[in-house]
Amino acid sequence: MVGDDGVPELPEVETTRRGVAPHVSGRTITGVTVREHRLRQPIPAELPRILLGQRLLGVRRRAKYLLFDFRTGTLIVHLGMSGSLRIVSTNTPSQLHDHVDLEFDRGQSLRLRDPRRFGLMLWTTEEPAHHPLLANLGPEPWDPAFNSSYLCDLAKPRTGAVKNFLMDSHVVVGVGNIYASESLHRAGIHPSRPARRISSARYGTLIEAVREVLDAAITFGGTTLRDFIHEDGKPGYFRNELRVYDRAGKPCLQCGDTDIRSRVIGQRMSYFCPHCQR
DNA sequence: CAACGGACCTGCCTGC
DNA sequence: TGCAGGCAGGTCCGTT
């Protein structure tokens, strides 16, 4: 089951960015509390010293990374599988798995919660695009460089399933397991089809489908932005808009008379309509 | 180089 | 009821 806790894919990360940025951009850090530093990589011990007194210039996103820009460097945050950011009053008691508070002036804190600790919080003084974690990423889904001839070229040596190809962050960023299934369904492409066996035209359709699904999910998330400043709120995770994901055995919403099937591809559960997707 | 498997971690669900 | 076990997911890393 997904959705109740919601894995942060690109739309969730972008929704988070839009949700928190207005509350913290331009504000000055008055305190940093790290209760648990053991994330995917340890949170740098010197982070509180570095951030204290600095003004947050703005919040950017690259792939699923959130980039908090300061004068002397950038805080790189990844939400992993279970991470979330929320704006809370600075005196709000922390709960289990609330690992970090960035306290800002005006009494508001940015709180990182990450039960599974697959997330990241790192500091870099270089341009974040050059950071090892970001340096080899493919284009954003909306980048004009992400086009059918680009995909076709990259696919030539790829004998594996197109779903794995699409989820490869060196190819394009931000297409996780859920949206890979959704995009391929909308494009009518079978997830197991070898990447090299797909025409340029069909890749064009797939690119449009990827953008469509991600755009819709971001728009959907935007309708619940208010949740970022509430204790118990959850951003909209597009749950009810999903057409195939986690719908095994239920009728395809496209053709109506075939049941959605599920199958493990590349160690990930995948969902598709055997009638609509070839 | 592509492809694959393992590792990381916890909450939730299932089945005994 | 309690507990063990499986599963989910993004990303990196090591091996084939």
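So you know, we letter chains A, B, ... as the sequences are listed, proteins then strands, and number each from 1.
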When you measure from the side chain of [X], which nucleotide among [options] comes out closest?
X: A/L133; options: C/dC12, B/dA3, B/dC9; result: C/dC12
X: A/M269; options: B/dG6, C/dA8, C/dG10; result: C/dA8
X: A/P157; options: C/dC12, B/dA2, C/dG10; result: B/dA2
X: A/N164; options: C/dG10, B/dC4, B/dT10; result: B/dC4

For A/R62, side-chain contact (heavy atoms from CB on, under 4.5 Å) partners two or more places apart: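 Applying side-chain contact (heavy atoms from CB on, under 4.5 Å) to A/R62 gives A/L67, A/L134, A/L137, A/E140, A/V173.
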Please identify each residue that fulfils side-chain contact (heavy atoms from CB on, under 4.5 Å) with A/R263, with sequence neighbours left out.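 Partners of A/R263 under the side-chain contact (heavy atoms from CB on, under 4.5 Å) test: A/H190, A/S192, A/I265, A/F272.
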Could you tell me whether the side chain of A/E241 and the main chain of A/A216 form a donor-acceptor pair under 3.5 Å?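 Side chain of A/E241 to backbone of A/A216, a donor-acceptor pair under 3.5 Å: no, none is there.
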Short side-chain to backbone donor-acceptor contact, A/E182 and A/R243, under 3.5 Å: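 Indeed, once roles are kept as given, a pair shorter than 3.5 Å links the two residues.
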If you compare all heavy atoms of A/G188 against all heavy atoms of A/R202, which two are closest, and at what distance to 0.1 Å?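 Between these two residues, the closest heavy atoms are O-NH2, 2.9 Å.
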Give every residue pair that meets the ring-ring contact (aromatic ring centres under 6.0 Å, His included) criterion with at least one member in residues 131-155 of chain A, sequence neighbours excluded.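 Residue pairs with at least one partner in residues 131-155 of chain A: there are none.
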Name the nucleic acid region contacted by [X], choosing base, sugar-phosphate or nothing; use a 4.0 angstrom heavy-atom cut-off, strictly under.
X: A/F165; answer: nothing
X: A/T159; answer: sugar-phosphate
X: A/Q267; answer: base
X: A/R268; answer: base

It should be established whether [X] places a side-chain nitrogen or oxygen under 4.0 Å from OP1 or OP2 of nucleotide [N].
X: A/R117; N: B/dT10; result: yes
X: A/H170; N: B/dA2; result: no
X: A/H78; N: C/dT11; result: yes

Nearest-angstrom distance from the residue atom [atom1] of [X] to [atom2] of [N]:
X: A/R40; N: B/dC9; atom1: CZ; atom2: P; value: 12 Å
X: A/Q41; N: C/dT11; atom1: CD; atom2: P; value: 13 Å
X: A/N136; N: C/dT11; atom1: CG; atom2: C1'; value: 13 Å
X: A/L134; N: C/dG10; atom1: CG; atom2: C1'; value: 14 Å
X: A/D114; N: B/dG11; atom1: CG; atom2: C1'; value: 12 Å
X: A/K64; N: C/dT11; atom1: NZ; atom2: C1'; value: 9 Å
X: A/R116; N: B/dA7; atom1: CZ; atom2: C1'; value: 15 Å
X: A/N177; N: C/dA8; atom1: CG; atom2: P; value: 9 Å

A/L154 vs A/F118, nearer the 5' end of DNA chain B by closest nucleotide: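 Comparing both residues, the 5'-ward one is A/L154.
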With a cut-off of 3.5 Å and sequence neighbours excluded, list every side-chain donor-acceptor pair involving residues 49-59 of chain A.
{"unit_1": "A/Q54", "atom_1": "OE1", "unit_2": "A/R71", "atom_2": "N", "d": "3.4"}
{"unit_1": "A/Q54", "atom_1": "NE2", "unit_2": "A/I50", "atom_2": "O", "d": "3.1"}
{"unit_1": "A/Q54", "atom_1": "NE2", "unit_2": "A/T72", "atom_2": "OG1", "d": "2.7"}

To the nearest 10 degrees, how far apart in direction are the end axes of the helix from B/dA2-C/dT16 to B/dC16-C/dG2, each fit to five base pairs?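 What I find for the helix from B/dA2-C/dT16 to B/dC16-C/dG2 is an axis angle of 50°.
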Does anything in residues 269-278 of chain A pair up under side chain to side chain donor-acceptor pair (under 3.5 Å), and if so which pairs, sequence neighbours excluded?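 Sorted result for residues 269-278 of chain A: A/K163-A/S270.
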